[in-house]
Structures are given as C-alpha cells and as structure tokens.
Amino acid sequence: MPLTTRLAALTARVPERVRTGYWTRLVPVLALLAVVTHIPSFLRPVWSPDEGYLATQARMLADGGVLYDTVVDRKPPLLPWLYEACFAVFGSASLWPLRTLAIVAHLVTAVLLASLARGRWGNRAGAAAGLLYLLLSIGLSPEDTQAATFEVFMLPAMVAAFRYAERRRWLAAGIAVALCSLTKQTGGAVMLPVLWMLFQDARHRGVRWQPALFKIGFGFALPIALVAAILTKPKGFLFWVVTGSGDYATLGSNWLQMLGRALGNSGILLAAGLGFLAPVAYRLWLRRRRGLPSPAAAEEHGSTSDLWFWLLSSVVAVSVGFHFFGHYYLQLMPPLVMLGVGAVSTSAVRWRPVLVYSAAAATFFWGLAVFWPGQRLTQTTEVATAVAAQTTKKDTVLVWGMHPELYWLADRRPASRYLTAGFLTNFSGGKDGQQVGEQYSVSEAWQTFDAEMHKNLPEVVVDDSGTAPYNPELVPRIETLLESYYEVVGMTGDTVIYRLKR
C-alpha cells in the first residue's frame, strides 16, 4: 500500500472532533507563537552563566566525570543530563538543540495552562491562557527569558502537577512534583497547592484523604529514589542539592541591594502582565469594598483559592535564598496567568484590550532581546579566544570568577570540579564582602581544590574577579598559587590571563 494511502487511512480513523476540534486549531497557533517569541534565543552562543555552567558540566560528564563528585553543582541532575544527552547527539559546539527544547517546554506549559483554563472558564479562556503565557514568558530581562535554564524546563512539570491534582489523579501529581523538584529544588513548592487541593477535596466531598496522600507521597518518592539509584554518588546528591547550600541561601548584610532587585524584577513582570493583572487587582478591590475577607472567601463563578495558594507557594519559592534573580520569577508566571484569565472570564472586561496590551508588551521585550547589549559576552569571547590560543586540547584551565561559560567558549577542560569561585568563597551574585572568603567555603572544598592543583596545575589561570570581594589579594591560597607558579600573559578589560612559568 502506498505511503500516502496508509496516511490517509490512519487519518480517517482519528475522530472528526480531534481532527477539526479545539486543540488542532489552538496548538499550531501556540507553537508558532512559542517559536516567534523565543527566536532571539538563537542570536547568541550563550545568554547566561547558568547556560555556560550547564554546558561545561555536560562536557565534563561526557569525558567521564561523575556528577556530585568530580562534577558538582547545587542543582538537581535532570537538566545536566539533558544537556549531556543533547551534546552526545548533536555535538557540544552549540546550544541550539537546548534552545529548541526550551521552546518545546514553553509550548507544553502553554498547552497545559490552556487545558486548565478551558476546564474552568470555557474555550475562549483556554486559548487566552495559552496565548497570554507565551506573551508573558519573555516579559523579563532577555538574559533570564531567552536562556535554556532550570526554570524553563521546570514549568511543564509544575503545571502538570497542578492539573493532575485538580483532576484528582494523585499518583501522577506526586510524580510531576518530583520531576519538577529534580529539575530545580524550588519547583517542589507546587506540592503545597497539590496538598491544599487534596484536603479541600476531602473536606467538601467527604472522602478519605489518607489513600490519596499515600499516592502523592509514593509518586513523589519513586522518581527521586530512581535518580538516587542511578547516581554513582547518592550521598553527594543529598549534600549538593539539599544540605550543602545553607550558607549560599542567606540574606547577608546587603539587604538593600536584594530588596532593590526584588522590587525591580517584580515591577518588570507587573508591567509585562499588566493587561491581565489589572482585572485581578480590580476584583480584589471589589471584594474588599464588599467586605469579603479574602480571595478564597467567595467567587461568583467558582473558587480560585487553589490558584492563590499556588501563587503564594511560588512567591515563597522565588524568595528562598533572598537572591531574587530575574529567572526565578518565571515560576510566578503560570499562576499569575491563571488568575488573570479567571478575572477577565468572570467579569465584564473584554479580551481584546487584554490581548492587545500583552502583545504590545511582548513586542517590546522581543525587540529588547534582539538589540540587547553584548559587551560582556564580547569580552568573555575575546578572553576565551585568547585562552584557546595559549593552550592545547590536552591542557586544563582554571577560571577564577563567576563566568564558567569561559570554559565552554574556549573548549578547554576545567582544572577543578569547582567551576566558579563561589564554592570556595561563598560569593554569589549581589553579595557584598560580608561572609565571603576562604573560611566560608563549601565544606572541605579547599582540601579538594588543593589536591586537584597538586595533581595537575592548570596551564592557564583566568582571573575574572575584577574588584569582587574574592579578588586573589583577598584569598591567600589563590594569591600564593599565582605568585608561585604563574606569570601574566594578557589582559582583556578587567580580566587577567596567567600562564605557567617556563
């Protein structure tokens, strides 16, 4: 039978409501919008240090590295494994496969949100939820929204967990929460609205909650147990992902800068979503005017208490660690979109101005991504080119700074498992000099680092610290290393390149 005939026969077996129905019309539109909004992601080799870190990790794993032992990070393993798999299939010279998968992740998130909204408020609300999410998904700094990093790949599992809980599929909800947590720890916050829906279901329907709670717990524990069994160093997994980040996740003394970052990113997100967030604020004002105690107290067209609980849990997740980086705010987008769609669907507000404003805001952020300044990337690329010229493929390199993408751009092996100075000094973005130094390092990190240097000194050391509080002059071990074994061979901006003395 000819191929065309077989395809026609298969198509004929598909129910007409599927072939000509709601999803076959909506999904292609959402797919096109997902591609258009994230086309700028392909304009740069790397958008953020997180991408550079993941890419460098993937190369180390491909070279025989062991995750949470000779390759370390404070993040769960699913995304490093995904990077490694993509590099194995497509090569490690470009991140375009990961950027493509990021677009797929945004599309899946949009479709799941459309399904949630359609079930609550009808077809038009479902379509609006998918469209509004994709328009909002670029409503932050391009470095936060165009990069293929943890939050992007966490969102589909997060929305799926909420959707499964709404449909009382508790085992699947638990599995989805686990997958979310194994992508980024803060994704586990979606467990709170899942449990809220369970106990609300038990209270209003009079069903026993214990069996459902067991299913959630089992579904959550099973993927984590499987991952721990796959890992060579499960104790390392527990330390790096759970117990070893206490000093990193602290407010410190630079609280004014942290507050400024929190308010700044909140303001940017508010401006991007104002078209559908304004109706939410109006509904809250009406409630207060009518004397209703809270959003959960009454809804003319159905309760949204679970959505508010979802938003609250996401706010807590964004606030953990007090860093308030822009990409953290991606976790707020799904519940905000759902609350906005619900507010518009149950009021006299028309959809056209909401969609027009959101499209205009997305156009602004899209243009911002296309013309985003690239001075830092240019400098990093120049340094990477110089490092590659000073070394061979067999040589190792040490980058003393917070830009691990240098390893990946230079295509050189790291001399240490600690790809940033943060592990050895407790420095992180936005911190001042308080609680930064050798004495604040990850437990036993310096002993491990000294052993690595004793075994094989790197051919080149890149001092990318500038005037940061972990500058070599403030870290005696690094200052001694450079003075004893290295000489300056180049400088680009505030970055100094050292090479072994001959």
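We count residues from 1, following the sequence as given.
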Going by atom type alone, with no hydrogens or angles, which donor-acceptor pairs under 3.5 Å involve a side-chain atom of residues 85-95 and a protein atom two or more places apart or on another chain?
residue, atom, partner, partner atom, Å
Ser92, OG, Arg59, NE, 3.0
Ser92, OG, Arg59, NH2, 3.4
Ser94, OG, Trp96, N, 3.2

Let me check something: any side-chain donor-acceptor pairs from residues 416-423 under 3.5 Å, sequence neighbours excluded? List them with distances.
residue, atom, partner, partner atom, Å
Ser416, OG, Tyr418, N, 3.0
Ser416, OG, Glu452, OE1, 2.6
Arg417, NE, Glu452, OE2, 2.7
Arg417, NH1, Asp69, O, 2.9
Arg417, NH2, Glu452, OE2, 3.4
Thr420, OG1, Gly422, N, 3.3

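The salt bridge (Lys or Arg N to Asp or Glu O under 4.0 Å) contacts involving residues 461-475 comprise Arg376-Asp464, where partners must be two or more places apart or lie in separate chains. Identified under the salt bridge (Lys or Arg N to Asp or Glu O under 4.0 Å) test for residues 384-403, with sequence neighbours left out: Lys393-Asp411. Sorted by first and then second residue, the pairs that involve residues 31-74 and meet ring pair (Phe, Tyr, Trp, His ring centres under 6.0 Å), not counting sequence neighbours, are His38-His106, Tyr68-Phe237. Judged as a side chain to side chain donor-acceptor pair (under 3.5 Å), not a single pair has a partner in residues 152-162 (not counting sequence neighbours).
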*Kindly determine whether Glu438 and Trp446 satisfy side-chain hydrogen bond (donor to acceptor under 3.5 Å, both in side chains), including the steps that lead there.*
CA-CA 8 Å; Glu438 290 185 13; Trp446 278 109; 4.9 Å; no
_Set out, in order, the CA-CA distance, both residues' side-chain angles and the distance that settles side-chain hydrogen bond (donor to acceptor under 3.5 Å, both in side chains) for Asp494 and Gln379, then state yes or no._
CA-CA 9 Å; Asp494 59 354; Gln379 178 177 324; 3.1 Å; yes
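Under the side chain to side chain contact (heavy atoms under 4.5 Å, CB included) rule, Pro334 has a single partner from Leu136, Leu311, Val159, Leu339, which is Val159.
Between Arg499 and Glu487, none of the side-chain N atoms (NZ, or NE/NH1/NH2) sits under 4.0 Å from a carboxylate O, so this pair counts as no salt bridge. Taking 4.0 Å as the cut-off between side-chain N and carboxylate O, Arg477 and Asp450 count as a salt-bridged pair.
Looking at Arg99, its side chain does come within 3.5 Å of a backbone N or O of Ser41 through a donor-acceptor pair. No donor-acceptor pair under 3.5 Å is formed between the side chain of Glu459 and the backbone N or O of Thr392.
For the pair Lys75 and Phe150, the distance from NZ or CZ to the six-membered ring centre is under 6.0 Å and the angle to the ring normal is within 45 degrees.
Between Tyr357 and Pro353, every side-chain heavy-atom pair lies at or beyond the 4.5 Å cut-off. The side-chain heavy atoms of Val399 and Pro404, taken from C-beta on, include no pair separated by under 4.5 Å.
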